Amino acid sequence: MQNVFELEHPLAAHHLSILRDTSTSPAQFRIQIQLLSMLLAVRATDDLLLTPSKVQTPLTEMAGKKLAQRIGVVPILRAGLGLVEPVLQLLPDAAVWHLGMYRDEATAMPVEYYCKLPSGNAVDVGFVLDPMLATGGSIKAAVAALKRWGVKDIRVLSVIAARPGVEQFHQDFPDVKIFVAAVDEVLNSHKFIVPGLGDAGDRMFNTQHD
Ligand code: PRP
């Protein structure tokens, strides 16, 4: 699959297995999400542009570098919130723009309930954060919102993506790179990723119900 970058790091495989495990507590689940988000963020930022900057070390002045682009981090509520802090640790000057979206349980279509993106002055690079890409509908709606805002370089960070959802997403946005810890093969009849990890938002925030 083009423009899909799957982590091939042993730490990613290790931490993803703990994340998937149904016996993992919400507290541990949040930690696993943080660890995987950092690995994803490192991978997804490896071609960001730099500009020269002067650095005064305790010993001398030297030529340093700093990030040159304006960066936006766009978590999709709720579950995308779990990726924000680790990504901000690596990109502390990024702007955070929240998008509220939930998937209608009957139709599996995304329903937008919060969007305060401004109308101009778009960031140079936008990172969409959501741990799950199932049908791809939610991330598609988020990317469409960023395109309308005028963001030229959009990248998706997702922990687990379903192959059918990725393919569907790339029919509309073939140029948008997706960074994932794993691509799972199927969606079940309820449009849940299999093997997946269940409902990321519920596991993260301990709101699972029967
Ligand atoms: C989940 C998940 C994604 C979306 C993925 O959110 O966090 O946002 O579904 O599905 P899709 O690719 O088919 O659109 P959910 O609707 O459960 O909301 P939540 O994050 O508030 O739990």
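None of the values given here were measured: they were computed from a predicted structure. Atoms within a ligand are numbered from 1 in the order they appear, just like the ligands themselves.
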Taking [atom] as the reference point, the nearest protein heavy atom with its distance:
atom	value
atom 14 (O) of ligand 1	S138 OG, 2.6 Å
atom 17 (O) of ligand 1	D199 OD2, 3.5 Å
atom 22 (O) of ligand 1	R78 NH2, 2.8 Å
atom 16 (O) of ligand 1	R103 N, 2.7 Å
atom 13 (O) of ligand 1	T135 OG1, 2.5 Å
atom 2 (C) of ligand 1	D130 OD1, 3.6 Å

Inset, instruction - Kindly assign one of parallel, tilted or perpendicular to the pair Y113 and Y102, based on the angle between their ring planes and the thresholds 30° and 60°. - result: tilted
Legend entry - Heavy-atom gap G136 to ligand 1 smaller than 4.0 Å: yes
Inset, instruction - Evaluate side-chain contact (heavy atoms from CB on, under 4.5 Å) for V159 paired with M132, printing each intermediate quantity in order. - result: CA-CA 6 Å; V159 176; M132 311 289 285; over 6 Å; no
Legend entry - Cation-aromatic face contact R103/F192, 6.0 Å, 45 degrees: yes
Legend entry - Heavy atoms from other residues, nucleotides or ligands near CD of Q56 exceed 12 (cutoff 6.0 Å):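 More than 12 heavy atoms, drawn from other residues, nucleotides or ligands, come within 6.0 Å of this atom.
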Inset, instruction - Step through the shown structure and confirm whether more than 12 heavy atoms of other residues, nucleotides or ligands are within 6.0 Å of CD on E105. - result: no
Legend entry - Region of L133 that comes within reach of ligand 1 [heavy atoms, distance under 4.0 Å]: backbone
Inset, instruction - Say whether L67 and V73 are linked into one hydrophobic cluster, either directly or through other cluster members, by side-chain heavy-atom distances under 4.5 angstrom. - result: yes
Legend entry - Exercise check, heavy-atom protein proximity under 4.0 Å to atom 4 (C) of ligand 1: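 Yes; the ligand atom in question has protein heavy-atom contact below 4.0 Å.
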Inset, instruction - Flag A134 as yes when one of its N or O atoms lies below 3.5 Å from any N or O atom of ligand 1, and as no otherwise. - result: yes
Inset, instruction - Check side chain to side chain donor-acceptor pair (under 3.5 Å) between E6 and all other residues, then give those that pass, not counting sequence neighbours. - result: none
Legend entry - Heavy-atom proximity to atom 18 (O) of ligand 1, best of F205, Y102, F192: Y102
Inset, instruction - Give the numbers and elements of all ligand 1 atoms closer than 4.0 Å to a heavy atom of G201. - result: 22 (O)
Inset, instruction - Using a strict cut-off of 4.0 Å, indicate which atoms of ligand 1 neighbour a heavy atom of M132. - result: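 Answer, ordered by atom number: 2 (C), 3 (C), 5 (C).
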Identify all side-chain donor-acceptor contacts of residues 78-87 below 3.5 Å with residues at least two apart in sequence or on another chain.
| unit_1 | atom_1 | unit_2 | atom_2 | d |
| --- | --- | --- | --- | --- |
| R78 | NH1 | T207 | OG1 | 3.1 |
| R78 | NH2 | D202 | OD1 | 3.0 |

Inset, instruction - Return yes if a side-chain donor-acceptor contact under 3.5 Å exists between Q32 and Q28, otherwise no. - result: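 There is such a pair between these side chains.
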